[in-house]
Amino acid sequence: MKILHVAPHLSGGGLEVYLHEAVRRLAALGHEAAVLHGRPGDALPADVAARTYPAAGVTEADCPDLPGALALARRALDAEAPDVILIHGATQHRLVRLLAGAAPLVRFVHDAHCVCPGGGKTLRRGTASGGPEPCPYPLGWACLGRAWTRRCTARDPRVALPLLAHLRANLALYRQRAAMACPSAFIRALLAGNGFDPARVAVLPHFTTPPAQAPSAPGAHGPVVLYAGRVHWGKGPGVLLRALALLPPEVSLDLAGDGPDLAAVKDLARALDLEGRVRFHGWLERPALEALYARAAVVAVPSLVPEAFCVAGIEAMAHGRPVVGAASGAIGEWLEHGITGWLVPPGDAAALAARLREILFSTELAKKMGAAGRERAERDFTPGAHVSGLVQLLERTARGG
């Protein structure tokens, strides 16, 4: 098959890492790839064989030169004549409509952005608990009112109105003309709540590759906690720092990742007098990140916002590391409470600290949970299973099925 992938960027986050790996593995099966994207200057890794077509901002609702960007998209479609188009992320409805008229369409919904103007599917004010809570409402014009009462998305109507219009139009088109896929039952439920037939939404869990060498036992390098991911308050790094402050001083934290709240997280670490216990590593290439997994005794996934999946969790399991994660979104789909780690209430620093302590200071428990996690990752979250399901969906869609 000739597959045209569509993504906002070629580098910078988890979606892009997935894109790279999907192109690699599809190419190994003989499928040809090209990528239409919205950030000129971006480049794929050298070992990812795909032609690239940049068109500045083409996937965004506020594309600065939409006619010019769409003209570049048309040239890409003419040059590639794809058998099927796989959209990983696109808000601009005129682009989505153009793509749907050019070839059969598959939309892989990696996160909540296509059903939530704020992207986090979280109500921040006016909740029963007084804290952030998952949003139970479908996408609709009422989101404009909730932007004011719940602080869940942009309140400026110049931003909110066009964005909501694009999202609603895209969902209507996808319901009629696209095959749908997502990484979790959680995302499938969000789509069902927005009018999609859940039986027609393929759940293809994300995957990871276990390290070539068997990992050392968790805790061999001391009581070290690892956080690997985007540094954004919604991911819970603040909760993790407050939990660390409740743990004995010999416990340290490796924080690997970059993001919009990195400076503020560093400020919080200083305010909590944790500077000597937290190592900020920034965004790391795979070998350096693998070394941190090997050093960790436990991996924390303290998300406040509902997670669409969270690849860092299954990466930790593949490295034989137990996980303590918030019971948020899809995390409970791969984290087995009491078997591969512990689930805790989102935002509860005391509960997070208590569960981290159990693992950090119980070598046998850490080994047992780590071994169970590695077994689960090798059984259920393999590249082969994911790519096989993706190829079947792409081929069926390309045939008009």
Side-chain angles (χ1 to χ4, degrees), residues 3 5-8 13-23 25-26 59 84-91 96 99-100 104-122 134-139 167-168 170-208 229-230 234 301 303 305-315 325 328-335 380-397 401:
I3 305 166
H5 299 261
V6 180
L15 188 155
E16 292 76 27
V17 171
Y18 171 87
L19 172 67
H20 303 162
E21 195 63 22
V23 170
R25 293 186 178 276
L26 289 167
T59 63
V84 63
I85 296 171
L86 177 55
I87 299 180
H88 300 278
T91 305
V96 173
L99 297 172
L105 204 64
V106 174
R107 176 63 159 100
F108 198 114
V109 181
H110 292 274
D111 52 40
H113 280 86
C114 78
V115 295
C116 173
K121 203 60 183 168
T122 302
C135 172
Y137 304 107
L139 181 79
L167 293 176
R168 283 170 54 84
N170 286 345
L171 288 181
L173 186 149
Y174 292 145
R175 281 191 291 264
Q176 295 175 358
R177 302 180 62 179
M180 304 296 289
C182 63
S184 63
F186 169 70
I187 292 294
R188 180 170 62 183
L190 292 185
L191 291 170
N194 282 273
F196 289 84
D197 178 358
R200 297 181 62 82
V201 179
V203 175
L204 303 175
H206 284 316
F207 58 89
T208 188
R230 192 161 180 257
V301 182
S303 302
V305 300
E307 287 282 358
F309 189 84
C310 190
V311 172
I314 61 170
E315 287 182 346
S328 177
I331 291 176
E333 295 181 38
W334 50 261
L335 175 50
D380 295 339
F381 303 116
T382 64
H386 179 95
V387 174
S388 174
L390 182 60
V391 167
Q392 290 178 37
L393 178 63
L394 291 169
E395 289 181 338
R396 185 167 65 246
T397 304

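Nothing fancy with the numbering, it's 1 onward along the sequence. Hydrogens, waters and symmetry mates are skipped; everything else that's a heavy atom, side chains included, is used.
- Here the straight-line distance linking atom CG of Leu139 with atom CG of Leu191 works out to 11.0 Å at 0.5 Å rounding.
- Counting only distance, with no hydrogens or angles, the side chain of Lys121 and the backbone of Tyr137 share a donor-acceptor pair below 3.5 Å.
- Considering CZ of Arg188 and CG of Asp197, their distance stands at 10.0 Å, rounded to 0.5 Å.
- Contact between Val301 and Gly313 at its shortest, heavy atoms only, is CG2-CA, 4.5 Å.
- In this structure, Cys116 and Asp111 have side chains that are not in contact, with every pair of non-hydrogen atoms separated by 4.5 Å or more.
- In this structure, CD in Glu21 is found 10.0 Å from CG in Leu26, a value given to the nearest 0.5 Å.
- Closest of all the heavy-atom pairs between Ala112 and Ile187 is N-CD1, 4.2 Å.
- Distance CZ/Arg107 to OG1/Thr397: 14.0 Å, rounded to 0.5 Å.
- Heavy-atom minimum distance, Gly120 versus Pro306: O-CD, 3.2 Å.
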Q. Which is it for Val203 and Cys182 under the side chain to side chain contact (heavy atoms under 4.5 Å, CB included) test, yes or no, and what are the steps along the way?
A. CA-CA 5 Å; Val203 175; Cys182 63; 4.1 Å; yes
Q: List the steps, then state whether side chain to side chain contact (heavy atoms under 4.5 Å, CB included) holds for Asn170 with Cys114.
A: CA-CA 8 Å; Asn170 286 345; Cys114 78; over 6 Å; no
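- Pairing each heavy atom of Pro138 with each of Gly193, the nearest pair is CB-O, 3.3 Å.
- We find the CZ-CE distance between Arg200 and Met180 to be 11.5 Å, quoted to the nearest 0.5 Å.
- His88 meets the ring-ring contact (aromatic ring centres under 6.0 Å, His included) test with His5, Tyr18, His110; sequence neighbours excluded.
- The shortest non-hydrogen separation linking Glu307 to Ile331 is CG-CD1, 3.8 Å.
- Contact between Ala179 and Leu393 at its shortest, heavy atoms only, is CB-CD1, 4.0 Å.
- Between Phe309 and Trp334, the angle of the ring planes lies from 30° to 60°, which puts this pair in the tilted group.
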Q: Walk me through it: do Arg175 and Leu171 pass the test side chain to side chain contact (heavy atoms under 4.5 Å, CB included)?
A: CA-CA 6 Å; Arg175 281 191 291 264; Leu171 288 181; 3.8 Å; yes
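- Contact check for Pro183 versus Pro205: no side-chain heavy atoms found under the 4.5 Å cut-off.
- Using a 4.5 Å heavy-atom cutoff, the side chains of Leu105 and Arg177 are not in contact.
- Glu333 places a side-chain N or O within donor-acceptor distance of the main-chain N or O of Phe186, the cut-off being under 3.5 Å.
- The shortest side-chain heavy-atom distance between Leu167 and Val115 does not fall under the 4.5 Å cut-off.
- Between Phe108 atom CZ and Leu19 atom CG the span is 12.0 Å, to the nearest 0.5 Å.
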